[in-house]
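Got a structure here, written out as structure tokens. Questions coming.
Letters A, B, ... are given to chains in the order of the sequence lines, protein chains preceding strands, and every chain is numbered from 1.
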Protein chains: 2
Amino acid sequence: MSHESKSETQDPFHAHDHDHCAASVLRRAEEQARQEGVRLTPVRRRVLEILLESHRAMGAYEVLERLALEGFGKQPPVAYRALDFLVEQGLAHRVRRLNAYAACLSNQRDHTPAFLICRLCEQVAEADTPQMREALAALAAAHDLTIERSTVEILGICARCAKAEQAKAQDV
Amino acid sequence: MSHESKSETQDPFHAHDHDHCAASVLRRAEEQARQEGVRLTPVRRRVLEILLESHRAMGAYEVLERLALEGFGKQPPVAYRALDFLVEQGLAHRVRRLNAYAACLSNQRDHTPAFLICRLCEQVAEADTPQMREALAALAAAHDLTIERSTVEILGICARCAKAEQAKAQDV
DNA sequence: GTTATTTATGTTATATCGTAACGCGTCAAG
DNA sequence: CTTGACGCGTTACGATATAACATAAATAAC
Ligand SMILES: [Zn+2]
Ligand SMILES: [Zn+2]
Ligand SMILES: [Zn+2]
Ligand SMILES: [Zn+2]
């Protein structure tokens, strides 16, 4: 079983090999840094690792706390700069609804996925479908807008949390 | 010429009768307030009017300044409360990318349109197409997410601004 | 190898956005 | 006339984000 390109898009909301997620993103980060001549410095790498601990989106200040504990700088720009770097490199995404950041799970350098956010566990999945791309393009075309960036975020409750809620309701 | 239901969706990026925009939204606001037993108080109404001066999204503090000048309260909650009211009533929308608010241009009470935002003139158009709704539903379904809210924002350059940019470039 | 240049990290300070909590005034129900 | 709900105003604070500057590390030039 050595299908390399198996997991184009992992889905955090369902069972998956998360170590694989983390490892593959880190690997991509290193390769990409080498190729593009940018530096994956200790802070930057560490921030990516922190984001990769789970698929939960983290606020900049939450990341900063972790950095401070580990001997990095204690002031906001330290976190924001590392996060900005990761976002620029397509290694992390900003989730606007949560004012938070999540590691990117795709292997593509530049992409603008839609985010699926569970309101309860705050995990974030990304999805990039032709259907959505077409819908966006159609909207832009209809209004003569030259599209530069787009944000698609879907907030709801994931299957796991929905099940948990149901169980809780029956307990009462 | 008395086609009442002509303008389901005005497009701020193109020539249109803006007085009509403003008047029709205010009319809807009044009707709706009566019907739902909520109060369109002076501050609330004034905030809606301010938003309706153009299709540009305005930050809460920008609205607040205007209110202060006109003798209303000078503190943030004054603006935020009025804006929250308008958003709840579906009379205004929050544009997350801009941390700003824009008057709603639709006649529908509850809807979640996509926003088209011009980066240069900061005007905002709304659009609600079946195609986009389906794309959102498909994404949610594919990930077993029970959808509660969604955000679709497209940032770019509107036709008018694109033209202006071109002209400027040729001048040089 | 030493120097110059760029890039990254850290700091202080401040800007920007948003909310909690409380008191007062208004108005309508009882 | 009291009571209770609601809206508006305040003070105070919390949360998010960036500007500006000093230092240090890495890279490039000589
Ligand atoms: Zn994973
Ligand atoms: Zn969940
Ligand atoms: Zn208009
Ligand atoms: Zn424009």
Side-chain angles (χ1 to χ4, degrees), chain A residues 29-30 32-51 57-89 91-102 122 151 153, chain B residues 29-30 32-34 36-51 56-89 91-102 122 151 153:
Chain A
E30 271 155 14
Q32 201 173 286
R34 234 183 311 110
Q35 283 177 11
E36 303 199 12
V38 297
R39 286 157 55 192
L40 187 64
T41 61
V43 215
R44 291 168 176 177
R45 192 196 158 95
R46 191 67 194 117
V47 169
L48 182 54
E49 287 171 0
I50 289 171
L51 291 181
M58 292 178 78
Y61 280 76
E62 196 181 349
V63 170
L64 179 59
E65 258 179 50
R66 294 285 306 273
L67 291 178
L69 283 177
E70 301 178 16
F72 294 98
K74 296 173 166 45
Q75 305 305 323
V78 172
Y80 280 105
R81 280 195 292 233
L83 289 166
D84 287 349
F85 170 85
L86 294 173
V87 169
E88 266 165 35
Q89 297 301 310
L91 295 166
H93 299 290
R94 180 160 178 201
V95 182
R96 302 198 96 91
R97 179 169 290 265
L98 303 177
N99 287 333
Y101 300 81
E122 292 182 285
T151 304
E153 297 181 356
Chain B
E30 271 155 13
Q32 202 173 286
R34 234 183 312 109
E36 303 197 13
V38 297
R39 286 159 53 193
L40 188 63
T41 62
V43 214
R44 291 169 175 176
R45 190 194 160 98
R46 191 67 194 117
V47 169
L48 183 54
E49 286 171 359
I50 289 171
L51 291 181
R56 195 171 61 81
M58 293 179 78
Y61 279 77
E62 196 181 349
V63 170
L64 179 59
E65 258 178 51
R66 294 284 307 273
L67 292 177
L69 284 176
E70 301 178 16
F72 294 98
K74 295 173 166 45
Q75 305 304 323
V78 173
Y80 279 105
R81 281 194 292 233
L83 289 166
D84 287 348
F85 170 86
L86 295 173
V87 169
E88 266 164 36
Q89 297 302 309
L91 295 165
H93 298 291
R94 179 160 177 201
V95 182
R96 303 199 93 93
R97 178 168 291 266
L98 303 177
N99 288 335
Y101 299 80
E122 293 183 284
T151 304
E153 298 180 358

Q.
Is there a side-chain contact between Y80(B) and the phosphate of dT19(C), meaning an N or O under 4.0 Å from OP1 or OP2?
A. no
Q | Rounded distance in Å - CZ (R44(A)) to C1' (dT9(C)) | A |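 To the nearest whole Å, that distance equals 10 Å.
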(Q) Would the base of dG14(D) count as contacting Y61(A) through its side chain, where contact means a donor and an acceptor less than 3.5 Å apart? (A)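 Not at all, since no donor on one side and acceptor on the other fall under 3.5 Å apart.
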Q. Less than 4.0 Å between a side-chain N and a carboxylate O, is that true for E62(A) and R66(A)?
A.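 No, R66(A) and E62(A) are not salt-bridged.
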Q) Over how many whole Å does the gap from R96(A) atom CZ to dA17(D) atom C1' extend? A) 12 Å
Q: State, yes or no, whether a side-chain contact exists between V38(B) and Q89(B) at a heavy-atom distance under 4.5 Å.
A: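 Yes, close enough: below the 4.5 Å cut-off.
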Q. From dA17(D), dT10(D), dA19(D), pick the nucleotide closest to the side chain of P77(B)?
A.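 Given the options dA17(D), dT10(D), dA19(D), the side chain of P77(B) is closest to dT10(D).
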Q) Under 4.0 Å: is that the gap between some side-chain N or O of R39(B) and OP1 or OP2 of dA28(C)? A)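 Checking dA28(C) against R39(B), no side-chain N or O comes under 4.0 Å of OP1 or OP2.
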**Q.** V43(B) side chain, from C-beta outward: closest of dT9(C), dT11(D), dC8(D)
**A.** dC8(D)
Q | R81(B), nearest nucleotide to its side chain (from dA13(C), dT10(D), dG18(C)) | A | dT10(D)
(Q) Measuring from the side chain of P76(B) (C-beta onward, heavy atoms only), which nucleotide among dT16(D), dT11(C), dT19(C) has the closest atom? (A) dT19(C)
Q. Do R97(B) and T151(A) have side-chain N/O donor and acceptor atoms under 3.5 Å apart?
A. yes
